[in-house]
Number of protein chains: 2
Amino acid sequence: MEATRWLGIERPFGLFLGMARPSGSDAGVTGPRVRAAAERLFAKFGYAAVSMRQIAADVGIGAGALYHYTPDKQTLLSRLMRDHLEELLDAWDAVDPGGDTVARLEAFARFHIRFHLDRPDAVFIAYMELRSLEPGSFAAVETLRRRYEAVPEGILRDGVAAGRMQVGDVKLGAMALIAMLTGVNTWYRDGGRLDRTAVEEIYANMARGMVGVG
Amino acid sequence: MEATRWLGIERPFGLFLGMARPSGSDAGVTGPRVRAAAERLFAKFGYAAVSMRQIAADVGIGAGALYHYTPDKQTLLSRLMRDHLEELLDAWDAVDPGGDTVARLEAFARFHIRFHLDRPDAVFIAYMELRSLEPGSFAAVETLRRRYEAVPEGILRDGVAAGRMQVGDVKLGAMALIAMLTGVNTWYRDGGRLDRTAVEEIYANMARGMVGVG
DNA sequence: GTCTATATATTGATAGAC
DNA sequence: GTCTATCAATATATAGAC
């Protein structure tokens, strides 16, 4: 059977199950690969420094073919950032233990470190490329970011109200906590002196001390 | 007198004191203006996104004239970063109170916030454009950054040795402290709910709690 | 769904006039 | 010290063949 016939003729999808797919067809898998390549390259070199050709080359397709998966470069960036923050919010909702405020604080600290260490590229982009967003996307991302900041803020407010925590200012305490925890991404490397669990434990203790938990 | 004569004829420098300078002559002041424009634009849009033409336009000269002040764009960036970190180290040496470890910790926290809030553009560049540096410049900047990290590390080590502080790991405590303090730059704005002194006070307290100062 | 070819704009850096 | 003109490279995005 000639390759040209394979490529040119439409066939019912089921015919390809378990078979080598014709090389021109990657329905459903190229999209995610474009996304992954963009995330990796944007994090490594910065949005402005990465060309659509670089992304295409990383995926293994031509530059023109990229535009079947995103209308433009800007949309590629803004979708990465929005999806990252929405996933972050959903993930916390799924693990929030509720109840005791000190327990929630510790759970938040451990969750934040774990989630962020698992996605260093997305985290870096979400913090560094805000300036590369057009106004509309920027506003949407800011809203999501503020919703996440409200999480530790709520925990601290409850903790102070319950007399379990002492902090000069709840809002500042939340910002300080997030900055401290996110900072782990700048130095942690797998295989280093301390593993993730040890790091989580140490930071959870510092988080407690920071807000006056005796 | 014709403008062409003013521009074309060399004159002793003293002749221009107190007079309007001929428009083509800015000896000694254009250099710093190039530097300032680059710092502002790199911080706002990112190194890769800023063109030499943009910098020149901001200064009010043509693109070609820029190359009298820097051999290339990369040198402009690396000099900004190195100078910033050297100034940071010198500034701490000038205010380090020495002696009591808890007093030094508080002094460091206040100093770090103050110094960084005064130079938001340089700080942002120093943290975000490491990836834009060529290997040689990168190594030099990393060395300076590590020297600064050694400051809080030394304070914590002394504090733990003196039994005044408790921290799970000295190195992690130093990194957490720096990240927490630098984070102020992401949200602080003059004229907001709290002024700089109030912010310094609150963060100094959180810093103490973080390392177990009772 | 991918390719090649291309339109149009912009980039960093240099040369030479004044 | 600044200007104008320019080179060679590269950018995003589109059009149309297969």
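Within every chain, numbering begins at 1; the chains are lettered A, B, ... in the order of the sequence lines, protein sequences first and strands thereafter. Excluded from the calculations below are hydrogen atoms, water molecules and symmetry mates; all remaining heavy atoms, backbone and side chain alike, are included. Only a predicted model underlies this, so the values are computations on that prediction, with no experimental measurement involved.
- Each of T70(A), D83(A), T30(A) was checked for a side-chain hydrogen bond (donor to acceptor under 3.5 Å, both in side chains) with R35(A), and the lone residue meeting it is D83(A).
- Checking the phosphate oxygens (OP1, OP2) of dT2(D), a side-chain nitrogen or oxygen of T30(B) falls inside 4.0 Å.
- Stacking of R146(A) on the aromatic ring of Y148(A) is not recorded, the 6.0 Å distance cut-off and the 45° axial limit not both being met.
- Between H68(B) atom NE2 and dT4(D) atom C1' the separation is 13 Å, expressed in whole Å.
- Using the six-membered ring where Trp is involved, H112(B) and H116(B) have ring planes that are parallel, under 30° apart on the 30 and 60° scheme.
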Reading nucleotides 9-14 of chain C from the 5' end, what letters show protein touch, with B for base, S for backbone sugar-phosphate only, - for no heavy atom under 4.0 Å?
--BBBB
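- Under 4.0 Å is where a charged nitrogen must lie from a carboxylate oxygen, and between D58(B) and R33(B) no such pair does.
- In this structure, R110(B) forms no cation-pi arrangement with F108(B), as its terminal cationic atom is not both closer than 6.0 Å to the ring centre and no more than 45° off the ring axis.
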